[in-house]
Asks: 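Would you mind keeping the following structure in view while I ask a few things?
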Amino acid sequence: MNRTISFTKRNFLEMRRDVLSYIFCVALPIVMLIIMSVVNESIPKESGNTIFRIDNLSGGIGIFSQTFTMLFTALMVSQDRSTSFLTRLFASPMKSGDFTGGYVLSMLFISTLQSVIVLISSWIVSLITKTSLSVPGMLMAFLTLIPTAIFFIALGMIIGTFFNEKSAPGICSVIISLGSFVGGIWFNAESTGGILLTISKCTPFYYCTKLIRASIHLDFSAEQFLIPLLITLCGAALLILLAVYCFKRKMRADLQ
């Protein structure tokens, strides 16, 4: 446990030194929140489009911001693999679970701060736009943002395990774009229907976004909350186990 905590502290310090992490993990989600809120004010109410209304937008932005924790997790792991840092550590008593725990906990801490900032910013916007955004709903959203964060962090770790620091950002960019689109962050996936909705329902991003929005609205129905929660939890657990396994196998192969 002490080894995991020490490695967590090291990873957090590395992230804190990176200016880009502040820009993409904190500043960009807030900027998008403000821009989309301004766009929402320009949409005629007669259109019935509420996807950019703050009670719907805040959940989408929460998931959108977590895709960047995936990016920086992948970068950190791939950069560590490209140096002799992990090689030296792998010769130490540290196990694969210690490495995975160190990466996940450090990024989870950052993602938690990120979620707090997004939700507080959303609450401020709701006061300005006079839109109802309940405190219990935001607290519930904060709790459900934890398993979605683990999902994206584990995914980033897997990408960083198999790709180098030059390829990993490109792969993550594709996933960020894909997740934003099929996850229904910028549009109401249910209203589209047809093949697009079918594709969205085949991806975990759709259920992550749906879970957070249901949490904010305190909608605990099976379709809106329970099923997305189950899929998200299972996906996060599966990816964590896969990340530990893949990281262990890859590091052994690199040491040979």
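In what follows, every heavy atom counts, from backbone to side chain, and hydrogens, waters and symmetry copies are set aside.
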Asks: Calculate, to the nearest 0.5 Å, the distance between atoms CD1 and OG belonging to Ile61 and Ser121 respectively.
Replies: 10.5 Å

Asks: For Ser78 and Asn164, which heavy atoms make the closest approach, and how far apart are they?
Replies: CB-C, 3.6 Å

Asks: Leu197 versus Tyr206: any side-chain heavy-atom pair under 4.5 Å?
Replies: yes

Asks: What is the distance from atom OG1 of Thr73 to atom CD1 of Ile153, rounded to the nearest 0.5 Å?
Replies: 5.5 Å

Asks: Using modelled atom types and a 3.5 Å cut-off, is there a donor and acceptor pairing between side-chain atoms of Thr131 and backbone atoms of Leu127?
Replies: no

Asks: Do the side chains of Ile227 and Leu233 join up, straight or via other hydrophobic residues, at under 4.5 Å, putting them in one cluster?
Replies: no

Asks: Would Phe52 and Ser37 count as a side-chain contact (heavy atoms from CB on, under 4.5 Å) if you check the C-alpha gap in whole Å, the side-chain angles of each, and the deciding distance to 0.1 Å?
Replies: CA-CA 6 Å; Phe52 294 144; Ser37 296; over 6 Å; no

Asks: If you group Ile, Leu, Val, Met, Phe, Trp and Tyr by side-chain heavy-atom gaps below 4.5 Å, do Tyr207 and Leu155 land in one group?
Replies: no

Asks: Under a 3.5 Å distance rule, please check whether Arg53 uses its side chain to pair with a backbone N or O of Asn40 as donor and acceptor.
Replies: no

Asks: Compare all side-chain heavy atoms of Thr161 with those of Val77 and state whether any distance is below 4.5 angstrom.
Replies: yes

Asks: Short question: side chain of Ser167, backbone of Phe163 - any donor-acceptor pair under 3.5 Å?
Replies: no

Asks: Indicate yes or no for a side-chain donor-acceptor contact from Gln114 to the backbone of Ser65 under 3.5 Å, with no hydrogens or angles considered.
Replies: yes

Asks: Can Ile159 and Ile175 be said to form a side-chain contact (heavy atoms from CB on, under 4.5 Å), step by step?
Replies: CA-CA 11 Å; Ile159 295 171; Ile175 294 177; 3.4 Å; yes

Asks: Are the side chains of Leu211 and Leu145 in touch, meaning some heavy atoms are under 4.5 Å apart?
Replies: no

Asks: Looking at Phe68 versus Phe152, is the centre-to-centre ring distance below 6.0 Å?
Replies: no

Asks: Looking only at heavy atoms, which two atoms of Met138 and Leu133 are closest? And how far apart?
Replies: SD-CD2, 3.9 Å

Asks: Ser111 side chain to Leu108 main-chain N or O, any donor-acceptor pair under 3.5 Å?
Replies: no

Asks: Of all heavy-atom pairs between Ser200 and Val182, which one has the smallest distance, and what is that distance?
Replies: OG-O, 2.9 Å

Asks: Are there over 12 heavy-atom neighbours, none belonging to Leu13, within less than 6.0 Å of that residue's CG?
Replies: yes

Asks: Would you confirm whether Arg81, through its side chain, and Gly160, through its main-chain N or O, come within 3.5 Å as a donor-acceptor pair?
Replies: yes

Asks: Measuring from Phe72:CZ to Thr67:OG1, what's the distance to the nearest 0.5 Å?
Replies: 10.5 Å

Asks: I'd like to know if Phe151 and Ile231 are part of one continuous hydrophobic network [Ile/Leu/Val/Met/Phe/Trp/Tyr, side-chain heavy atoms within less than 4.5 Å].
Replies: no

Asks: Roughly how far apart are Asp55 CG and Ile216 CD1, rounded to 0.5 Å?
Replies: 7.5 Å

Asks: Quick one: does Asn188's side chain have a donor or acceptor within less than 3.5 Å of a partner on Ile51's backbone?
Replies: no

Asks: Check Leu143 against Pro147 and note the closest heavy-atom contact, atom names and distance.
Replies: O-CD, 3.3 Å

Asks: Under 6.0 Å between ring centres, would you say that holds for Phe181 and Phe205?
Replies: no

Asks: Does the distance from a Lys or Arg side-chain N to an Asp or Glu carboxylate O, for Arg10 and Asp80, drop under 4.0 Å?
Replies: yes

Asks: Under 4.5 Å between any side-chain heavy atoms of Leu57 and Ser122, yes or no?
Replies: no

Asks: Start with the C-alpha distance between Glu223 and Lys210, add both sets of side-chain angles, then the distance that settles side-chain contact (heavy atoms from CB on, under 4.5 Å), and finish with yes or no.
Replies: CA-CA 9 Å; Glu223 182 181 356; Lys210 194 171 185 177; 3.9 Å; yes

Asks: Are Phe225 and Arg213 packed together at the side-chain level, in the sense that at least one heavy-atom pair is separated by less than 4.5 angstrom?
Replies: no

Asks: Quick one: closest heavy-atom pair of Pro169 and Leu71, and the distance?
Replies: CA-CD1, 3.8 Å

Asks: Are Phe64 and Val116 connected into the same hydrophobic cluster when the rule is that any two of I, L, V, M, F, W, Y join if their side-chain heavy atoms are below 4.5 Å apart?
Replies: yes

Asks: Is there a side-chain contact between Met36 and Trp186 in this structure, where contact means two heavy atoms from C-beta onward sitting under 4.5 Å apart?
Replies: yes

Asks: Please say yes or no: joined through hydrophobic side-chain contacts below 4.5 Å, possibly via intermediate residues, are Leu238 and Val104 part of one cluster?
Replies: no

Asks: Could you tell me which non-hydrogen atom of Leu218 sits nearest to which non-hydrogen atom of Ser134, and how far apart they are?
Replies: CD1-OG, 4.1 Å

Asks: Find out whether Leu226 and Phe220 are in side-chain contact, i.e. whether some heavy atom of one side chain is under 4.5 Å from a heavy atom of the other.
Replies: no

Asks: If you apply the rule side-chain contact (heavy atoms from CB on, under 4.5 Å), what do you find for Ser106 with Phe109, and how did you get there?
Replies: CA-CA 5 Å; Ser106 58; Phe109 181 75; 5.9 Å; no

Asks: So, does Gln66 use its side chain to make a donor-acceptor pair with the main chain of Ala149 at under 3.5 Å?
Replies: yes

Asks: Are Val244 and Lys248 packed together at the side-chain level, in the sense that at least one heavy-atom pair is separated by less than 4.5 angstrom?
Replies: no

Asks: What's the separation between atom OG1 in Thr209 and atom CD1 in Ile63, rounded to the nearest 0.5 Å?
Replies: 5.0 Å

Asks: Rounded to the nearest 0.5 Å, what separates atom CE in Met107 from atom CG in Asn11?
Replies: 9.0 Å

